[in-house]
Asks: 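Got a structure here, written out as structure tokens. Questions coming.
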Amino acid sequence: MPKLLCRRQRTSFLPLLVGAVLVLLRCSDGQAVDYWASPGDPAVATNNDCGYISAVHGQPQVRRSFHSEESAGQPLSVADRISSGDELIVPTGSRLEWTSGNNIVVVLGSGGRVKLGGIRSFVDPDGRQAARLDFSLLSGELRLQVRYNSERPESVLALMSNGDVVVRRGDVYIFDASQWRCGVLAGDAFSRIRRGGMYGAPFAIPAGQFAGPGGQSEFFPEEQEGVRQRLPFTFELVKLARPPVPPAGFELEAP
């Protein structure tokens, strides 16, 4: 009888032991990566669909990946799909907005140019399936907003001439002229400086701050208001055109 009892106890613990081994294997398989992961990382998959155009003002153009460098591109319209390799070109006096995934919106301002890299999919350090929109800001200014989803998080990786910015939850302004700068209107952003082929350690940019290769400074309220005036999101313009009922919220949570 005691032997039978012992055998039953060993058997009852077997599924628990197998489950523990599987968890350890999953945690040590190297599949989870951080939000700075390179597109070439084996754990990162790329989707070429970068979203769609959600607003057009003026004469924005797109130079598709199959166009030559000498090509002037083609006009963009609302609902046009955009893909990795596309270059978005916004002439002086124009403005362009595009939406990616479920919780990312970007406004590219007058004189701006962006090269799209794609949507990267990976498992983040918390074990969640995450998505990241990658693009290079070649010139000009843009404003982006990422709303946070705790189950399927989305983010943005913006690459500049000598630095990168990651946004996981925030309302962020970036421009690149002779030197790039990133200002946070709400939420936060993370940046790292690139010198040659070497990256510095990532650092946080809190709300109300500017940062870039030249250091960190205050993002004054009047500067923030100027950004909102030059680079409004479509949903902000819609709110302005309607009575404020219910009152407009400022949370950056996923709808």
Side-chain angles (χ1 to χ4, degrees), residues 33-39 44 46-47 50-51 54 82 84 88 96-109 112 114-122 124-126 128-138 140-176 180-194 199-213 216 219 223-224 227-228 230-236 250-255:
V33 298
D34 64 29
Y35 283 82
W36 298 100
S38 165
V44 177
T46 296
N47 183 342
C50 293
S54 45
I82 48 178
S84 59
L88 308 180
L96 176 69
E97 178 188 277
W98 84 87
T99 301
S100 292
N102 296 312
N103 295 299
I104 299 172
V105 59
V106 186
V107 177
L108 183 59
V114 156
K115 185 74 171 285
L116 299 171
I119 298 287
R120 318 298 184 186
S121 298
F122 51 88
D124 75 3
D126 295 322
R128 300 170 300 184
Q129 189 65 42
R132 188 187 74 200
L133 168 67
D134 289 10
F135 62 78
S136 298
L137 176 59
L138 305 177
E141 61 177 0
L142 62 81
R143 181 184 172 199
L144 64 93
Q145 187 174 106
V146 181
R147 291 179 178 265
Y148 184 66
N149 186 310
S150 60
E151 295 181 358
R152 298 186 66 85
E154 295 177 87
S155 60
V156 167
L157 171 62
L159 295 86
M160 280 74 65
S161 52
N162 59 345
D164 304 341
V165 171
V166 161
V167 183
R168 296 177 59 188
R169 178 183 182 271
D171 188 340
V172 175
Y173 169 70
I174 308 173
F175 73 90
D176 197 349
W180 69 269
R181 298 282 279 167
C182 172
V184 179
L185 292 87
D188 53 32
F190 297 86
S191 180
R192 61 182 185 178
I193 310 297
R194 184 172 64 250
Y199 283 100
F203 58 91
I205 311 173
Q209 291 288 307
F210 254 125
Q216 201 155 329
F219 192 6
E223 293 177 303
Q224 296 184 37
V227 169
R228 292 188 182 95
R230 294 194 308 276
L231 303 170
F233 297 118
T234 300
F235 62 81
E236 291 177 323
F250 293 96
E251 289 83 7
L252 290 168
E253 302 304 326

Asks: Side chains of Arg120 and Leu157, heavy atoms from C-beta outward: is any pair under 4.5 Å?
Replies: no
Asks: Are the side chain of Asn47 and the backbone of Cys50 linked by a donor-acceptor contact shorter than 3.5 Å?
Replies: no
Asks: Atom CZ of Phe190 and atom CZ of Arg168: how far apart are they, to the nearest 0.5 Å?
Replies: 7.0 Å
Asks: Has Arg128 got a side-chain atom pairing as donor or acceptor with Ser150's backbone, closer than 3.5 angstrom?
Replies: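 Looks like yes, one N/O pair under 3.5 Å.
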Asks: If every non-hydrogen atom of Val106 is compared with every non-hydrogen atom of Leu133, which pair is closest and at what distance?
Replies: CG2-CD2, 4.5 Å
Asks: Rounded to the nearest 0.5 Å, what separation is found between the CG atom of Asp171 and the CG atom of Leu231?
Replies: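 Here the interatomic distance stands at 10.0 Å.
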Asks: Strictly distance-based, threshold 3.5 Å: is any side-chain N or O of Gln209 a donor or acceptor partner for the main-chain N or O of Gln216?
Replies: no
Asks: Please assess Asn102 against Asn149 for the test side chain to side chain contact (heavy atoms under 4.5 Å, CB included), listing each intermediate value before the final yes or no.
Replies: CA-CA 9 Å; Asn102 296 312; Asn149 186 310; over 6 Å; no
Asks: Which atom pair, heavy atoms only, marks the closest approach of Ile205 to Ser191?
Replies: CD1-CB, 3.8 Å
Asks: Run the side chain to side chain contact (heavy atoms under 4.5 Å, CB included) check on Trp180 and Leu159 step by step: do they pass?
Replies: CA-CA 10 Å; Trp180 69 269; Leu159 295 86; over 6 Å; no
Asks: Show the nearest heavy-atom pair for residues Ala186 and Val184, with the distance to one decimal.
Replies: O-CG1, 3.3 Å
Asks: Can you sort out the partners of Trp98 under ring-ring contact (aromatic ring centres under 6.0 Å, His included), two or more places apart, ordered by chain and number?
Replies: Phe135
Asks: To the nearest 0.5 Å, what is the distance between CG (Asp176) and CG (Leu138)?
Replies: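 Those atoms lie 8.5 Å apart.
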Asks: Would you please classify the geometry between the Tyr173 ring and the Phe175 ring as parallel, tilted or perpendicular, with 30° and 60° separating the classes?
Replies: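 Aromatic pair Phe175/Tyr173 classed tilted.
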Asks: Identify, with sequence neighbours excluded, every residue that meets salt bridge (charged side-chain N to carboxylate O under 4.0 Å, His left out) alongside Asp164.
Replies: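 Residues passing salt bridge (charged side-chain N to carboxylate O under 4.0 Å, His left out) with Asp164: Arg192, Arg194.
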Asks: For Leu142, run the side chain to side chain contact (heavy atoms under 4.5 Å, CB included) check against Val107, Val114, Leu96 and tell me which one passes.
Replies: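 So, applying the side chain to side chain contact (heavy atoms under 4.5 Å, CB included) to Leu142 and each of Val107, Val114, Leu96, only Val114 qualifies.
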Asks: Taking only residues two or more places apart in sequence or in another chain, which ones pass salt bridge (charged side-chain N to carboxylate O under 4.0 Å, His left out) with Glu141?
Replies: Arg230
Asks: Could you tell me which non-hydrogen atom of Ala131 sits nearest to which non-hydrogen atom of Ile119, and how far apart they are?
Replies: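 Nearest pair, atom of Ala131 first, then Ile119: CB-CG2, 4.1 Å.
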Asks: From Glu97 CD over to Ser54 OG, what is the distance, rounded to the nearest 0.5 angstrom?
Replies: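 Answer rounded to 0.5 Å: 3.5 Å.
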Asks: If every non-hydrogen atom of Ser84 is compared with every non-hydrogen atom of Gly117, which pair is closest and at what distance?
Replies: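 In terms of heavy atoms, the two residues are closest at CB-O, 3.2 Å.
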Asks: Among side-chain atoms of Arg147 and Gln145, is any donor-acceptor pair under 3.5 angstrom?
Replies: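 A donor-acceptor contact under 3.5 Å links the two side chains.
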Asks: Just checking Arg152: does its CZ atom have more than 12 heavy atoms from other residues, nucleotides or ligands closer to it than 6.0 angstrom?
Replies: no
Asks: Arg132: what forms a salt bridge (charged side-chain N to carboxylate O under 4.0 Å, His left out) with it, not counting sequence neighbours?
Replies: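 Partners of Arg132 under the salt bridge (charged side-chain N to carboxylate O under 4.0 Å, His left out) test: Asp134.
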Asks: Heavy atoms, side chains only, cut-off 4.5 Å: are Asn162 and Pro213 in contact?
Replies: yes
Asks: Quick one, Leu108 and Leu137 - any side-chain contact, counting heavy atoms below 4.5 Å?
Replies: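 Yes, at least one pair of side-chain atoms sits under 4.5 Å.
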Asks: Output yes when a side-chain donor or acceptor of Glu154 lies under 3.5 Å from a complementary backbone atom of Ile104, and no otherwise.
Replies: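 A pair under 3.5 Å: no.
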Asks: Among all residues two or more places apart in sequence or in another chain, which pass the ring-ring contact (aromatic ring centres under 6.0 Å, His included) test with Phe210?
Replies: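 So Phe210 forms a ring-ring contact (aromatic ring centres under 6.0 Å, His included) with Phe219.
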Asks: Once side chain to side chain contact (heavy atoms under 4.5 Å, CB included) is applied, do any residues pair with Ala130, and if so which ones, sequence neighbours excluded?
Replies: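 Partners of Ala130 under the side chain to side chain contact (heavy atoms under 4.5 Å, CB included) test: Tyr35, Phe122, Asp124, Pro153.
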Asks: Can you see which heavy atom on Val167 is nearest to which on Gly170, and at what distance?
Replies: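 The pair with the smallest heavy-atom distance is CG1-N, 3.9 Å.
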